[in-house]
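Bear in mind the structure is a predicted one, so any value in this text is a computation, not a measurement. So you know, we letter chains A, B, ... as the sequences are listed, proteins then strands, and number each from 1.
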There are 2 protein chains.
Amino acid sequence: MTSSQVAEHAGVSQSAVSRTFTPGASISSKTRQKVLASAKVLGYRPNAIARSLITNRSRIIAVVMAYLENLFYPDVLEELGRALAAENYHLLLFTGFMDRDSDPVFDQLMQYRVDGIILASTSLSSELSEECASAGIPVVLFNRTTERDAVSSVTTRNREGGKRIAEFLVAGGHKSFGYIAGLENSSTNRDRHQGYVEGLAGHGITEIAYEIGNYSRPKRKLRRA
Amino acid sequence: MTSSQVAEHAGVSQSAVSRTFTPGASISSKTRQKVLASAKVLGYRPNAIARSLITNRSRIIAVVMAYLENLFYPDVLEELGRALAAENYHLLLFTGFMDRDSDPVFDQLMQYRVDGIILASTSLSSELSEECASAGIPVVLFNRTTERDAVSSVTTRNREGGKRIAEFLVAGGHKSFGYIAGLENSSTNRDRHQGYVEGLAGHGITEIAYEIGNYSRPKRKLRRA
DNA sequence: CTGAAAGCGCTAACAG
DNA sequence: CTGTTAGCGCTTTCAG
């Protein structure tokens, strides 16, 4: 079903059909009704692909989440899906690859001319971040930060969180302290650790056991709903 | 960056550029190299949107998962992402809406001319399932079954599972039995229940307490990674 | 408000 | 193997 076919059926021009499905386009409600009626009969839906080609906007946002094992991410994903749908955007998900080889992912992603990229649980090589910038594709990091100021990022206040944990433990009367790191060189981990150390330092505590955990646990097997 | 620009830069026809990026196309390796070189310099990537418009294949698979709260689904999603990427397909995710209003979702989904639809944690209204069929879009249900034979589905053997649980409990010497249902009218729940009842019946047990749980638990709040 | 016409970037015959 | 040509389905000037 194409707009031309609908136009023919409705006895109007193809442009009229296009205008019918373009919010705010200049069209009389009479013509509009005719088109809508024909569209319904023929089961017509505008072709988003063709539209994208000419408007240069795909209304697709790429979301890159290397893994979903961390329970936090599915929650985020669901929320993201809801929010994007509300704005009539669509979510192209890239997941299930190791953190290392994200470059080929971007190659794919660029080909779809996505309107924006949300990076969670992965980072962008500086080369690619530059390419996105020069291509005019907005990139936002989620739960990550970076020094490059071209890239926006959304995170929680990890340092504050670490500090509060420290206060909490001290207030609980604890006497010996430790810290189990996540991915050691992630900004998330650095910030939490810093806050924790600072918090304890405020109480004159400097002796803190340290271990690296990498957020690891035995790999989950597929489970049944 | 368009193929024409690359063609000009490389001193070949635009078709040559197209052929360079079409696996199996008839092109000399000399021309190919020239094109590849120019493409690299200019940072060219084929426009998947334009390609889709003419080939009528988007290489996009829509995955519909109403919610991701059940830990099983993120696992599936990750696996799906991996598998699709390996075949050079892309995953358009629809999530974060209530089970009821999935019809508008399909409206969106149809506009993108997806090559196929995977439905998990949601069902398709018969009307839409028909429309997909007539549009030639393959649909597969995941973790759901249906009577309509036009629709394929992938599930685990729930009946067998229910039966085995029964055997297990009996073998453990238990004497009184109960069953907590999930969503009561889902095929998944029906099959498990049936298997469980059958299994127990095999041992002459017919008295089984019954309660509906709806897989519920207090709604999870956003958690930090 | 409406239609005609030009093209978005690409693939797919078609000749050479 | 290569270039030329004709569209894919749509939006967007441009006249009327």
Side-chain angles (χ1 to χ4, degrees), chain A residues 1-36 38-39 42-60 88 90 107-115 135-137, chain B residues 1-36 38-39 42-60 88 107-108 110-115 135-137:
Chain A
M1 265 312 124
T2 72
S3 58
S4 304
Q5 291 174 282
V6 175
E8 190 173 4
H9 182 106
V12 298
S13 76
Q14 182 266 326
S15 317
V17 178
S18 172
R19 291 189 181 108
T20 299
F21 291 95
T22 306
S26 159
I27 190 164
S28 74
S29 98
K30 205 177 100 214
T31 316
R32 202 183 134 76
Q33 293 313 320
K34 274 200 293 191
V35 171
L36 250 25
S38 298
L42 303 177
Y44 168 78
R45 272 179 240 271
N47 184 324
I49 302 282
R51 193 202 299 257
S52 299
L53 186 56
I54 194 164
T55 59
N56 246 326
R57 316 179 95 277
S58 60
R59 299 204 77 78
I60 292 179
N88 198 30
H90 307 277
D107 206 68
Q108 297 294 317
L109 177 159
M110 294 294 290
Q111 298 191 13
Y112 277 92
R113 304 299 194 263
V114 295
D115 288 352
I137 303 180
Chain B
M1 266 308 126
T2 73
S3 58
S4 303
Q5 292 174 282
V6 175
E8 189 173 3
H9 182 106
V12 298
S13 76
Q14 182 267 326
S15 318
V17 177
S18 172
R19 290 190 181 105
T20 298
F21 291 95
T22 306
S26 158
I27 190 164
S28 73
S29 98
K30 206 176 100 214
T31 315
R32 203 183 134 75
Q33 292 315 318
K34 272 200 293 191
V35 172
L36 250 25
S38 298
L42 303 178
Y44 168 78
R45 274 179 240 271
N47 184 325
I49 302 281
R51 193 203 301 257
S52 299
L53 186 56
I54 194 164
T55 59
N56 246 325
R57 316 179 94 277
S58 60
R59 299 204 77 78
I60 292 179
N88 198 29
D107 205 69
Q108 296 295 315
M110 295 294 289
Q111 298 191 13
Y112 276 92
R113 304 300 194 261
V114 296
D115 288 352
I137 303 181

Atom of B:A39, atom of B:V6 and distance for their closest heavy-atom approach: N-CG1, 4.0 Å

Any idea which heavy atoms bring A:R59 and A:N88 closest together, and the distance? NE-O, 2.9 Å

Go through DNA chain D in 5' to 3' direction and return only the first and the last nucleotide with some atom under 4.0 Å of chain B's heavy atoms. D:dC1 to D:dG9

Counting primed atoms, P, OP1 and OP2 as sugar-phosphate and everything else as base, the B/S/- map of nucleotides 6-16 of chain C against protein heavy atoms under 4.0 Å is -BBBBBBB---

What distance separates B:R113 CZ from B:Q111 CD, expressed to the nearest 0.5 Å? 7.5 Å

Could you name each residue pair satisfying side-chain hydrogen bond (donor to acceptor under 3.5 Å, both in side chains) that touches residues 12-25 of chain A, not counting sequence neighbours? A:S3-A:Q14

Counting any heavy atom closer than 4.0 Å, what does B:T31 reach on the DNA or RNA strands: base, sugar-phosphate only, or nothing? sugar-phosphate

Would you mind writing out the side-chain donor-acceptor pairs for residues 47-55 of chain A within the sub-3.5 Å range, not counting sequence neighbours?
residue: A:N47; atom: OD1; partner: A:I49; partner atom: N; Å: 2.8
residue: A:N47; atom: OD1; partner: A:A50; partner atom: N; Å: 3.1
residue: A:S52; atom: OG; partner: A:A48; partner atom: O; Å: 2.8
residue: A:S52; atom: OG; partner: A:R57; partner atom: O; Å: 3.4
residue: A:T55; atom: OG1; partner: A:R51; partner atom: O; Å: 2.9
residue: A:T55; atom: OG1; partner: A:R57; partner atom: N; Å: 3.3
residue: A:T55; atom: OG1; partner: A:R57; partner atom: O; Å: 3.4

Please name all residues satisfying side chain to side chain contact (heavy atoms under 4.5 Å, CB included) with A:Q33, sequence neighbours left out, ordered by chain then number. A:L36

Do you know the tightest heavy-atom contact between B:D115 and B:S58? OD1-N, 3.0 Å

If you fit an axis to the five pairs at each end of the helix from C:dC1-D:dG16 to C:dG16-D:dC1, how big is the angle between those two axes, to 10 degrees? 30°

Quick one: list whatever passes side chain to side chain contact (heavy atoms under 4.5 Å, CB included) with A:E8, sequence neighbours left out. none

Within the structure provided, determine whether A:V35 and A:V12 are in side-chain contact (heavy-atom separation under 4.5 Å). yes

Indicate yes or no: does A:R45 engage B:D107 in a salt bridge with an N to O separation below 4.0 Å. yes

